[in-house]
Amino acid sequence: MKVAVVGLGIAGLSICARLALAGHKISGFEQFSPLHEFGSSHGDTRMMRLTPGEGEVFVRLARRAGALWRVWEGLYGGPLIEWTGGLMAGPRGSSFIEACAALSTKPAAPMRGDAIHPLTRGYIAMPYEWDVLRQEDCGVIGADATRAFLLRQAPRWGASLHHNTRIEAPIEGPVLRINGQTQEFDAVIVAAGAWARTLLPEFTGKLEIKRRIVAWFATQEPRLLPAMFIDNEDGVYGMPAPRGLYKLGLHAIGGAVDDPAHVREPDEKDADMFGAHARLLLPKHDPNPVRMARCLYTVTPDESFLIKPSAAHERVLLFSACSGHGFKYAPVLGELAEEWLDGRPSPEWEALARGAALRVGGAKS
Ligand SMILES: Cc1cc2nc3c(=O)[nH]c(=O)nc-3n(C[C@H](O)[C@H](O)[C@H](O)COP(=O)(O)OP(=O)(O)OC[C@H]3O[C@@H](n4cnc5c(N)ncnc54)[C@H](O)[C@@H]3O)c2cc1C
């Protein structure tokens, strides 16, 4: 089939690669240049969790993705994920921690916050009153390395990738408008992240766009620290980053964005907020961020994904692996698109389409 993929963030790249491998004639379109830093997929690292506490469907997707990440690593010729282990933490009784424990294949009881200090040699600290669950099946994805890999691999499998090529909005059926010309396809998959609601206005009320900031801190610790997620009001998460840095992000903090092309750059207020978290959680680090960056979350009301055919045009699929936790599933995103194209949906596809994904708590990085 002749298929267009609109948007070459991590979702669009994975879809192009998978569908090209399956023998479809794929054209991928991206409004910016390769490896740009404007959407949701840029940045050095993302957290990988094979037992995400978001619910059973996500655990199944993570396990499917885990096997496929190994295939990608074989083609890449090296690791794309470093298995650092993770610390899932929160105030006592956190439903997220309970879900992580319940979904785990190796049941373990949470420990008290300060019990982690020997493990992290004091570089990561947590209050005694918090519950902390260790997850060995947690790690850090080389996000930019993965995008670079797919930019090479998808064309090797036959996909045509067109950068600096903006698809005109709105999309009305499997016919795309590019620079005033039209191109017709058998199917169109819209993986346009924060821009999806402009391209497919019928989904406007279902997707909110949020500004998010991440900050990097210098560490003197030569050994790799674990990744972490704190199920508190700010939703602080952290992970090792290249060049001896540790990165923090705030899953739940940042205002709404009207126009994804204009997002406020990080400022002193952001640095102060991150500094306060660093003083508590990273006591042996300099609390002044080495650098900060902005990123976009596209969020659904239930913090799940929104993967749904257009009501108006059945050969047009909205594909938004969003809500701040989609990167870990990267290799399986292409498979989900293929299931739609072939009309052979897996139970995971059907659960996502029903919106039945999240069982407890909100989605975490
Ligand atoms: C700060 C931050 C931290 C995160 N941490 C984690 C984590 O630790 N673990 C995890 O699993 N996930 C994490 N996520 C979530 C994950 O990164 C996203 O779910 C994922 O990147 C979404 O990818 P996407 O391809 O859907 O969107 P995007 O990367 O935004 O891609 C959409 C693309 O479409 C293009 N586009 C839009 N309109 C058009 C048009 N008209 N024509 C052509 N191209 C167009 C855009 O330019 C863009 O490149 C995080 C996200 C952020 C922002």
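Note that ligands are numbered from 1 as they come in the structure, with each ligand's atoms numbered from 1 the same way.
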Per-atom contacts, ligand 1 versus [X] - under 4.0 Å to a heavy atom:
X	answer
H36	47 (O), 48 (C), 49 (O)
C295	1 (C), 2 (C), 52 (C), 53 (C)
F32	47 (O)
G324	6 (C), 12 (N), 13 (C), 14 (N), 15 (C), 50 (C)
S40	17 (O), 21 (O), 22 (C), 28 (P), 29 (O), 30 (O), 51 (C), 53 (C)
A191	32 (C), 33 (C), 34 (O)
T165	42 (N), 43 (C)
F29	43 (C), 44 (N)

Legend entry - E168 CD: over 12 foreign heavy atoms closer than 6.0 Å: yes
Closest to [atom] among [options] (heavy-atom distance):
atom	options	value
atom 41 (N) of ligand 1	I167, N164, V5	I167
atom 8 (O) of ligand 1	R212, M47, R147	M47
atom 37 (C) of ligand 1	E30, Q31, R211, K328	Q31
atom 24 (P) of ligand 1	S41, S323, G39	S41

Inset, instruction - May I ask you to check whether F96 and F229 place their ring centers less than 6.0 Å from one another? - result: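 For F96 and F229, the ring centres are under 6.0 Å apart.
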Legend entry - Close aromatic pair by centroid cut-off 6.0 Å: Y123 and F217: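 Ring centroids of Y123 and F217 are no less than 6.0 Å from each other.
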Is there a donor-acceptor pair closer than 3.5 Å between any side-chain N or O of [X] and the backbone N or O of [Y]?
X	Y	answer
D342	R344	no
S304	D302	no
E208	P301	no

Which bit of [X] is near ligand 1, meaning a heavy atom under 4.0 Å away: side chain, backbone, both or neither?
X	result
H325	backbone
M48	neither
I10	both
Y237	side chain
A321	backbone
L296	backbone

Legend entry - Intermediate values then yes/no, salt bridge (Lys or Arg N to Asp or Glu O under 4.0 Å), R147 and D144: CA-CA 5 Å; R147 284 198 299 159; D144 283 340; 3.2 Å; yes
Can an N or O of [X] be found at a distance shorter than 3.5 Å from an N or O of ligand 1?
X	answer
F327	yes
V214	no
L199	no

Inset, instruction - Taking salt bridge (Lys or Arg N to Asp or Glu O under 4.0 Å) as the test, write out the residues that go with R46, two or more places apart. - result: none
Inset, instruction - Tell me, please, whether Y297 has K210 positioned over its six-membered ring: NZ or CZ under 6.0 Å from the ring centre and within 45 degrees of its axis? - result: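 No, K210 and Y297 do not form such a contact.
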Legend entry - R279 to F274 six-membered ring, cation-pi geometry met (6.0 Å, 45°): no
Inset, instruction - Compute whether any side-chain donor of one residue and acceptor of the other, for R63 and T51, lie under 3.5 angstrom apart. - result: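 Yes.
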Inset, instruction - Give the other cluster members for V6, using side-chain heavy-atom distances under 4.5 Å between Ile, Leu, Val, Met, Phe, Trp and Tyr residues; answer none if it is isolated. - result: F29, I167, I171, L176, I178, F185, V188, V190, L199, L200, F203, L207, L306, V316, L318
Inset, instruction - List the steps, then state whether ring pair (Phe, Tyr, Trp, His ring centres under 6.0 Å) holds for F305 with F319. - result: CA-CA 8 Å; F305 296 168; F319 199 104; 8.2 Å; no
Inset, instruction - Consider ligand 1: state whether an atom of it lies below 4.0 angstrom from any non-hydrogen atom of Y297. - result: yes
